[in-house]
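Have a look at the structure below before the remarks.
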Amino acid sequence: MSETIPFGRPMLDDAAFEGVRRVLESGQLVHGKVTEEFERAFAARMDVAEAIAVSSCSSGLFLIIFAKGIGEGSRVAVPAMTHVATAHSVEMLGGEPVFIDVDPETGCMDPARLAEVEGPLDAIIPVHYLGLPADMDAIHAVAEDKGAFVMEDCALAPDATYDGRKAGGLALAGSFSFYPVKHMTSIEGGMVTTDDKGLATAIRKRRAFGYNRMLGDRARPGLYDVDALGFNFRMSEVEAAVGLSQLARLDEFQKSRAANDAILRGALATLPDLTVFPNSYGKAQSCHYCLNAVLPKDGSVSREAVVDVLKARGIGSSVHYPGPVPLFTYYTQKYGYRDGQFPVAEWLAAQTISLPVGPHLGDDGAERVAEAFISAYTVVAG
Ligand SMILES: *Cc1c(COP(=O)(O)O)cnc(C)c1O
């Protein structure tokens, strides 16, 4: 059998290894110039004034809302269909996530459902679902109405655009992920982006224990006052070196993703009763994290069976996400959510399959994934 294709695989090259070696040899493992260089390069790439390297997208989300004073008594709207990190960041600070069902056409927070929220909202965190931007104009309109600020979960959204502008610069701040199988990796890691200099300073401080003297005062290392609560959410120099090497290849990665997406999309268009999520709508243009194929609502095609056939043919897949977040045990036990309250998210959680489109597919990978999926679907659907 030809080589297997996993859902995702980091594409590390000589530059990554050399960058890591240089850092290790330098002895400067944190607080160094490589992280600063990565921040500057990422800010330039995403067209924002400031980028702050952090230990993960989750810690970035946490830092943004922490710096904004979200806490006990705060209410923050998050989509019901997302990575649990979006909601957990609010919950960790003692705020309450207000779950919004998603749009069946895009998988992103449905602005119509958002507008129906009763009572105040302090913040809104749209997620660009699998790289497809949320309907930002409509979300900003509701936010204005409610007096809430908007921030983006950009974990899967590098280079996604809305109205020609890049994700990460579409609201007060955004948080990106460099987890190994995302668009680019720094091993673990994330980046907060913002055009708000004051917020950037507040986040930098809270990324490192609330120190107020250390930054910009290298002449007196070890001397500092602490004037805010903060924690250790830093990125290491090793991670930044890997991240920089990946950023240099992001254009190449994105071209490959777009090409693979187009091949898969074309091939799957022939399958009856399969919903393939669009890669653009209105002002939104996706950056192709994966191809999101959703099986018929009536459950007539078993996802487990399709995944098993794919696996037998050496094709990896994933599920985004395996449950609506409010229906995970933690949230049902705490807030009493019930089946049926988030019908679109529930449909996606039960029937969606994510197919790989990453650069690791190589030359004929997209054709192989398409062929395997079509035969799996055809066999299982009968
Ligand atoms: C992966 C992901 C996260 C978490 O990213 P980490 O870097 O692992 O913290 C958050 N939100 C979304 C939408 C994600 O896909």
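Sequential numbering from 1 along the given sequence is applied to the chain's residues. Order of appearance sets the numbers: ligands from 1, and atoms from 1 within every ligand.
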Ligand 1 to Ser58 polar contact by distance, N or O atoms, under 3.5 Å:
yes
Check: Ala155 N/O within less than 3.5 Å of ligand 1 N/O:
no
Establish, yes or no, whether the cationic atom of Lys68 lies under 6.0 Å from the six-membered ring centre of Phe149 and within 45° of the ring axis.
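Geometry flag: set, cation within 6.0 Å and 45°.
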Is Glu346 reaching over with its side chain to a backbone N or O of Phe342, donor-acceptor style, under 3.5 angstrom?
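Checking the backbone N and O of Phe342 against the side chain of Glu346, a donor-acceptor pair under 3.5 Å is found.
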Do any N or O atoms from the side chain of Ser354 and from the backbone of Cys290 form a donor-acceptor pair under 3.5 angstrom?
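Between the backbone of Cys290 and the side chain of Ser354 there is no qualifying donor-acceptor contact (under 3.5 Å).
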Measuring from [atom], which candidate in [options] has the nearest non-hydrogen atom?
atom                    : options                        : answer
atom 10 (C) of ligand 1 : Asp153, Val181, Thr82          : Asp153
atom 14 (C) of ligand 1 : Met191, Lys182, His320, Glu188 : Lys182
atom 13 (C) of ligand 1 : Phe178, Tyr129, Tyr321         : Tyr321

Sidechain N-carboxylate O distance under 4.0 Å for Asp159, Lys166
yes
If you define the side chain from C-beta out and look only at heavy atoms, does anything of Phe176 sit under 4.5 Å from Met46?
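Yes; the side chains approach each other to less than 4.5 Å.
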Whether His320 and Tyr289 hold their rings parallel, tilted or perpendicular, with breakpoints at 30° and 60°
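Rings of His320 and Tyr289: perpendicular, over 60°.
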From CA spacing to verdict: side chain to side chain donor-acceptor pair (under 3.5 Å), Thr35, Glu237
CA-CA 6 Å; Thr35 306; Glu237 289 281 280; 2.5 Å; yes
Looking only at protein heavy atoms, what sits closest to atom 7 (O) of ligand 1 is Ser177 OG, 2.7 Å
Atoms in ligand 1 with a heavy atom of [X] nearer than 4.0 Å:
X      : answer
Cys57  : 5 (O), 6 (P), 7 (O), 9 (O), 10 (C)
Val127 : 13 (C)
Leu156 : 15 (O)

